[in-house]
Amino acid sequence: MSNPYAKLPAWAEYGLIPLINLVVAFLVAGLVVLLVGENPLKAAYHMINGAFGRGEYIGFTLYYATTFIFTGLSVAVAFHAGLFNIGSEGQAYIGGIGVALACLWLDKTMPWFIVFPVAMFGSILFGALWAFLPGWLQAKRGSHIVITTIMFNFIASSLMVYLLTRVLKPLGSMAPQTRTFAEGGQLPKLDWLLSIFGLDIGNAPFNISFLLAILAAFGVWVLIWRTKLGYEMRTMGHSPSAARYAGISEPRITIVVMMISGGLAGMMALNPIMGEQFRMQLDFVQGAGFVGIAVALMGRSHPAGIIPAAILFGMLYQGGAEIAFEMPAISRDMIVIIQGLVILFAGALENMFRPAIGRGFASFGQRFPVAAQRGA
Amino acid sequence: MDFFHTIIALLESTIRVSVPLIFAALAGLFTERAGVFDIGLEGKMLGAAFAAGAVAAVTGSVTMGLLAAVLISVLLSLVHGYASITQRGSQIVSGVAINFIVAGSTVILGEAWFRQGGRTPALSGDARFQTIEFPFAEEMRGVPILGPIYSNLLSGHFLLTYVAFAMVPISWWILYRTRFGLRLRAVGENPGAVDTAGISVIWMRYRAVICCGILCGFAGAYLSLAMSAGFVKGMTAGKGYIALAALIFAKWRPFNIMLACLLFGFLDALAIRLQGNPLPIIGQVPVQLMQALPYILTVILLAGFIGKAIPPKAGGIPYVKER
């Protein structure tokens, strides 16, 4: 595709434009708060205080961020190959089966550091399998990945209702969830990490899967920018015809990328299941797969951007709960609006401010050629 | 005879649940035929349902409710149009965004304005669509076979139900027998050719998007003004995606859309009816399987195992004039 926009310096491309998009999204969200009859500045204060005001709050913020790093990476990996995986939600949900099975099998006999790798393997396996089918269908049968992954989300949700109400539920229990795991199925908290900064974690479920998320982010960076597969993925994402000409097998890349993406989404299940609830519940994903879309778009599909974007959304989730407590008119659904606005402005409308910024740089460059060069 | 009455009742509820699907799938037909993919049907329908419920509750007029639904839905369509036609952003991303914005704002605004847990106040009388009884429906009820078909299946629906079924041939006529329809389809297949003929691709696509908004408005109004007496949060419950599935299942053709929507509606009605009742031959079928069936069928169709669904050629690609 031709690129009709002037090339901007990297800091504007990766810093300024996402920031402007984010600010606009928040301004519009502020209008909604005004419409409800509340003070947006007060809401912002409660949100920031609720997300960072105390060690416990920070723990919660980072707990949510862990989840969003996984789903954000999942969406981003697919983006790099030009695939839009809306199915992270379903893949994370199905990935939960792997975690639950590992825990139900081993939790009473093994310590957590044995169960954790097994559960991780299980979550990757199940998540990747659930993404394999849409990938295979796109690669071999030409069905559009967006539509099939949407359909697979719904199928996953029906399947999980069936499994949790009939198969995985303990006998005699009414609630659609597995039994609570013993010690071996519970991940240790990262209280020591926060205590380095003199913070008390309190009840926050901030756990060891955060470190796994950081590791996964590094792994994705290596995969995309330092391996042959990553190069092939990016080639396909930029220009499928160039990839074909270079002898890159499109079906192979499509299937492999979708499985990696699904595996990353599946790993998300470790955090809520082993880190917070210690059992698999109905609808434990709670839309995190969709948040991943916003996170990937905001982070420009780069791990270094995804981690701060995930923390931002973790802040919204934790701080949003605090707003809902302080200002009853603003429930947590406010986050859904902000999420939608971020997707709109950072994703669909990402080029809206680009021409103006480009013009700004051009005129600045004419007036101060030296400074502009140094700036670039 | 009991079996016959069960079938009639089942078909009646099939029609009831199919109506929003038909409106929404036809809405999708207009934009997608013009080359603008729209996975925001769900959001538009939800926004329209909320607008209809809120305005009808405040003004007490069903007409105002319907107008508000269409207005909101068209506005959302224009946002989608601006992002994907003018700004050439990703149509999928824009659709996803609209779904989230609407899902959140209907709850927040509903709670702030009406304080009933995300509902709008219950509607009655003139604020809600009334069913239309055909002449002699009551007298015909006693007649065997024909009686129940006439008085239960054909008569006694809402005005919007008849409009939905009438929209099927009307949409066909617009798309296949008018100049507007020819150009609309051409814009979805080969926008360059349309541009060469001196017709604005952009404006053509905007008009298609507006058509989509109007029909989604009807779908939403049906949900909150006819099917239920007011708006309930998240009341579309995935119907927009089912409509999208029906649109693909029907291979982007109006009459097939009606059949696909009736099929998916039938599955829905059957799932509700079968809850806890075993089928004669197959035995107990999990409700979840019935609920997932529309999606599974669409996936199988998309995989090319039952015919091939070929989307409009220029679908999903923003039009760039200079190349």
| remark: Whatever's closer than 4.5 Å to a heavy atom in chain A on Val102(B) counts as neither
| Which atom of Ala348(A) lies closest to which atom of Val93(B), heavy atoms considered | N-CG1, 3.5 Å
| Interface residues of residues 146-163 of chain A facing chain B - heavy atom cut-off under 4.5 Å | Val146(A), Ile147(A), Thr148(A), Ile150(A), Met151(A), Phe152(A), Phe154(A), Ile155(A), Ser158(A), Val161(A), Tyr162(A)
| query | Do Ile86(A) and Ile92(B) come within less than 4.5 Å of each other through their side chains, counting heavy atoms only? | reply | yes
| said: Counting heavy-atom pairs closer than 4.5 Å to chain A, which one of Ser94(B), Gly89(B), Ser84(B), Ala97(B) comes out on top? | reply: Ala97(B)
| Gap between atom CG of Asn99(B) and atom CD1 of Ile343(A) - 0.5 Å precision | 9.5 Å
| query | Is it the case that more than 12 heavy atoms not belonging to Arg300(A) sit under 6.0 Å from its CZ atom? | reply | yes
| note | Heavy atoms of Arg166(A) and Gln288(B) approach each other most closely as NH2-OE1, 4.5 Å
| Can you pull out the residues in residues 285-292 of chain A with any heavy atom less than 4.5 Å from chain B? | Phe290(A)
| said: Can you tell me if Lys233(B) has over 12 outside heavy atoms packed within less than 6.0 Å of its NZ? | reply: no
| Interatomic spacing from CG in Leu344(A) to OH in Tyr82(B) - rounded to 0.5 Å | 10.0 Å
| query | Can you say whether Ser105(B) sits under 4.5 Å from chain A via the side chain, the backbone, both, or neither, judging by heavy atoms? | reply | both
| Closest approach of Leu35(A) and Trp113(B), non-hydrogen atoms and distance? | O-NE1, 4.1 Å
| chain B heavy atoms under 4.5 Å from Ile338(A): which part of the residue, side chain, backbone, both or neither? | neither
| Measuring heavy-atom distances to chain B, does Leu133(A) have an atom under 4.5 Å in its side chain, in its backbone, in both, or in neither? | neither
| query | Non-hydrogen atoms of chain B under 4.5 Å away: do they reach the side chain of Ile335(A), the backbone, both or neither? | reply | neither
| said: For Ile317(B), which atoms come within 4.5 Å of any heavy atom of chain A: side chain, backbone, both, or neither? | reply: neither
| message | So which atom in Ile108(B) and which in Val36(A) form the shortest heavy-atom distance, rounded to 0.1 Å? | response | CG2-CG2, 3.4 Å
